[in-house]
Amino acid sequence: MVRPDGKLSHDLHPEDKGPQDECGVFGVWAPGEDVATLTYFGLYALQHRGQESAGIATSNGERISVYKDMGLVSQVFDETILGTLGGHMAIGHCRYATTGATTWANAQPTLGSTPHGTVSLAHNGNLTNSADLYDRLIDKSGFPSAGEVAQGNTTDTALVTSLLAEHPHDSLEEAAMELLPTLQGAFCLTLIDENTLYAARDAYGVRPLVLGRLDRGWVVASESAALDIVGATYVRDVEPGEFIAIDEDGVRSRRFAEPTPAGCVFEHVYLSRPDAVINGRAVYESRVEMGRQLAREHGVEADLVMPTPESGVPAAIGFAEESGIPYGNGLVKNSYVGRTFIQPTQTMRQMGIKLKLNPLRSVVAGKKLVVVDDSIVRGNTQRALVRMLREAGAAEVHVRISSPPVKWPCFYGIDFASRAELIANGMSVDEIGKSLGADSLGYISEDGMIQSTEQPRHRLCTACFTGDYPIALPDADRLGKNFFDAHRSSSTGPTASARAQRPASSDNSASRDTQEDEQAMAENSSCEPGPDSDLESLVLPQDRAPHKN
């Protein structure tokens, strides 16, 4: 359980999901440096990628120390705790639950005992073959009697750690080279034994991972912005299918799989920090260009271009530049309202989304507005914003979206809900616009979005827009955020909470082409809250139903 600290920050309610986007991983090898504090600041820079738990593991060459807990990086660590984590290298993790429940037992980094020492591991991404890995672990040694899996950890990260821990090889490096080719899905790993820092990225490079140089060491991180924060110089991206080792002899690189790049395009649209650089392209520039392209494709006569704070800001700036319509802030965001431990009363619920966003009446009253956002998932938040702006006196509200309609769930890490909940399924763009209560609605084209990233189309994953999944998916009954919890329960005696989390069985798993299978797969997808997730709990009941003229 998360401990309340009395601060008005993005605290997580134990029974509710916070506004996380992706897990973040960090690693540093730097003798003579305060590696725990460097990792703390690196995780701080990656906090947007995961806000459920945070942890750091350090090694002094003889033993590995791990400290982790539920909550934000600033809530989990202080100077006293960091002072106990000595050593010359460290890895860190901030988590959103992609596989396994949101519990302390599932916090990372994980820890395992190997024939030659200890391994600690942190993971960003989502493995699609967790069920096969679980079967492999059981076939190899029966249900483990030691390690984090035996202690109740139900994550794919714990599975990987256990398989590494029970390796028959002469070194952890050789064990990793044998195991990594068998992992399917999206993964970026940082791991350490007593003497070496390792990092690996899946063959598709779905999630970003970068390598940086310190004056006296090396850094790996989920995003380049984390390098900037700790004073490291960007060297290069870790390549898809690459495994690197860092020790006193420097950096060694090995390839465990042939690269088939399919980087997540939504990293460019929403997930990554705007100050990050992906494959040589500044994310901020991509988002501004998406706004420009959006103005070219869906221009409209208006008085003001305004963003949905804060993810829509760069695209709104680009839209204003291209259209010549003035840019302005029509909404004030309260950055200190997040998940709290106080259940809102009915009166507070009636305040709805205004707890988070409030319109500037003097700016929007009587104006024709262009409201720019990065995406529409369920549509509840946009519906609430349109309603608020009209109540504040807006003459017209034209919604513009800097990504195409989201029609498919993501099995590599982003929570777009089930297909049944995606507003773009079964509705035309005009119908969606009417449902939101907008005067018009325009999405950027897929071509326009891709061109804005300056990345080759064949090197991007666009599955959430197209349904074209670059990594093959298993049957629906072998997918799911809580699959491992349920499978473990059936093997070792289910607890009440595990029974409650067990995914519903599907009789249609043999035919992936049916609508029933698509919905079952979506409902079982092990993903993370995407855009607007931090506002969903604040919308009013009328905003969850289509607008009626």
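Only a predicted model underlies this, so the values are computations on that prediction, with no experimental measurement involved.
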Under the side-chain hydrogen bond (donor to acceptor under 3.5 Å, both in side chains) criterion, do Glu223 and His48 qualify, and how do the steps go?
CA-CA 11 Å; Glu223 294 184 25; His48 62 290; 2.8 Å; yes
Output, in order, the C-alpha distance, side-chain angles, deciding distance and verdict of side-chain contact (heavy atoms from CB on, under 4.5 Å) for Phe26 and Ile56.
CA-CA 9 Å; Phe26 187 88; Ile56 295 174; over 6 Å; no
Report the C-alpha separation of Asp374 and Ser311 in whole Å, then their side-chain angles, then the decisive distance to 0.1 Å, and conclude whether the side-chain hydrogen bond (donor to acceptor under 3.5 Å, both in side chains) test is met.
CA-CA 6 Å; Asp374 56 79; Ser311 58; 2.4 Å; yes
Begin from the C-alpha positions of Thr84 and Tyr67 and carry the test side-chain contact (heavy atoms from CB on, under 4.5 Å) through to its verdict.
CA-CA 9 Å; Thr84 67; Tyr67 188 92; 5.9 Å; no
Just do the side-chain contact (heavy atoms from CB on, under 4.5 Å) check on Ile64 and Ile192 with the steps written out, would you?
CA-CA 9 Å; Ile64 293 176; Ile192 56 174; 4.1 Å; yes
Take Ser162 and Glu148, measure what side-chain hydrogen bond (donor to acceptor under 3.5 Å, both in side chains) needs, and give me the verdict at the end.
CA-CA 8 Å; Ser162 292; Glu148 294 204 10; over 6 Å; no
Between Leu163 and Glu166, does a side-chain contact (heavy atoms from CB on, under 4.5 Å) hold up when you go through it step by step?
CA-CA 5 Å; Leu163 290 168; Glu166 299 186 13; over 6 Å; no
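Note: Arg255 CZ to Phe243 CZ = 13.5 Å, rounded to the nearest 0.5 Å. The CG atom of Leu191 sits 9.5 Å away from the OG1 atom of Thr196 when rounded to the nearest 0.5 Å. Here CG of Leu460 is found 11.0 Å from OG1 of Thr466. Values are rounded to the nearest 0.5 Å. Here NE2 of His167 is found 11.0 Å from CD of Glu173. Values are rounded to the nearest 0.5 Å. With values rounded to the nearest 0.5 angstrom, Ser222 atom OG is found 9.0 Å from Leu43 atom CG.
Side-chain contact between Arg273 and Val283 is absent, with no heavy-atom pair separated by less than 4.5 Å. Contact annotation: the side chain of Tyr412 approaches that of Thr128 to within less than 4.5 Å [non-hydrogen atoms, C-beta and beyond]. Two residues are said to be in side-chain contact when any heavy atoms from C-beta on lie closer than 4.5 Å; Tyr469 and Pro409 meet this criterion. The shortest side-chain heavy-atom distance between Trp218 and Val28 does not fall under the 4.5 Å cut-off. Glu242 is listed as a side-chain neighbour of Ser253, based on a closest heavy-atom distance under 4.5 Å. Put simply, the side chain of Thr190 does not reach to within 4.5 Å of the side chain of Leu121, judged on heavy atoms. Side-chain contact between Ser53 and Asp69 is absent, with no heavy-atom pair separated by less than 4.5 Å. Between Met290 and Thr453 the shortest side-chain heavy-atom distance falls below 4.5 Å.
Judged by distance alone, with hydrogens and angles left aside, the side-chain atoms of Thr39 form no donor-acceptor pair with the main-chain N or O of Ile91 at under 3.5 Å. Using modelled atom types, one side-chain atom of Asn60 and one backbone atom of Arg63 make a donor-acceptor pair closer than 3.5 Å. Remark: side-chain polar atoms of His169 are not paired, donor with acceptor, to backbone N or O of Ser171 under 3.5 angstrom. No donor-acceptor distance shorter than 3.5 angstrom exists from the side chain of Arg281 to the backbone of His268, with no hydrogens or angles considered. Looking only at distances, no side-chain donor or acceptor of Thr161 sits under 3.5 Å from a matching main-chain atom of Leu111. Proximity of a side-chain donor or acceptor of Gln184 to a complementary backbone N or O of Leu127 within less than 3.5 Å is not detected. Within the 3.5 Å criterion, the main-chain N or O of Gly241 finds no donor-acceptor partner in the side chain of Arg201.
A salt bridge links Arg207 with Glu267: at least one charged nitrogen is closer than 4.0 Å to a carboxylate oxygen. Look at Glu174 and Arg254 and you find a salt bridge, because one of the NZ, NE, NH1 or NH2 atoms lies within 4.0 Å of a carboxylate O, short of that distance. Salt bridge annotation for Arg252-Asp247: present, with a cationic side-chain nitrogen under 4.0 angstrom from a carboxylate oxygen.
Ring-plane geometry between Phe266 and Phe465 is classed as tilted, the angle between the planes lying from 30 to 60 degrees on a 0 to 90 degree scale.
A side-chain donor from one of Gln108 and Thr157 sits under 3.5 Å from a side-chain acceptor of the other. In the model, Ser286 has no side-chain atom that pairs as donor or acceptor with a side-chain atom of Glu454 under 3.5 Å. Arg136 and Thr182 share a donor-acceptor pair across their side chains, judged by distance under 3.5 Å alone. Side chains of Tyr198 and Asp193: a donor on one and an acceptor on the other come within 3.5 Å.
Within a 6.0 Å radius of CG in Asp249, more than 12 heavy atoms belonging to other residues, nucleotides or ligands are found. Heavy-atom contacts from other residues, nucleotides or ligands closer than 6.0 Å to OH of Tyr44 number 12 or fewer.
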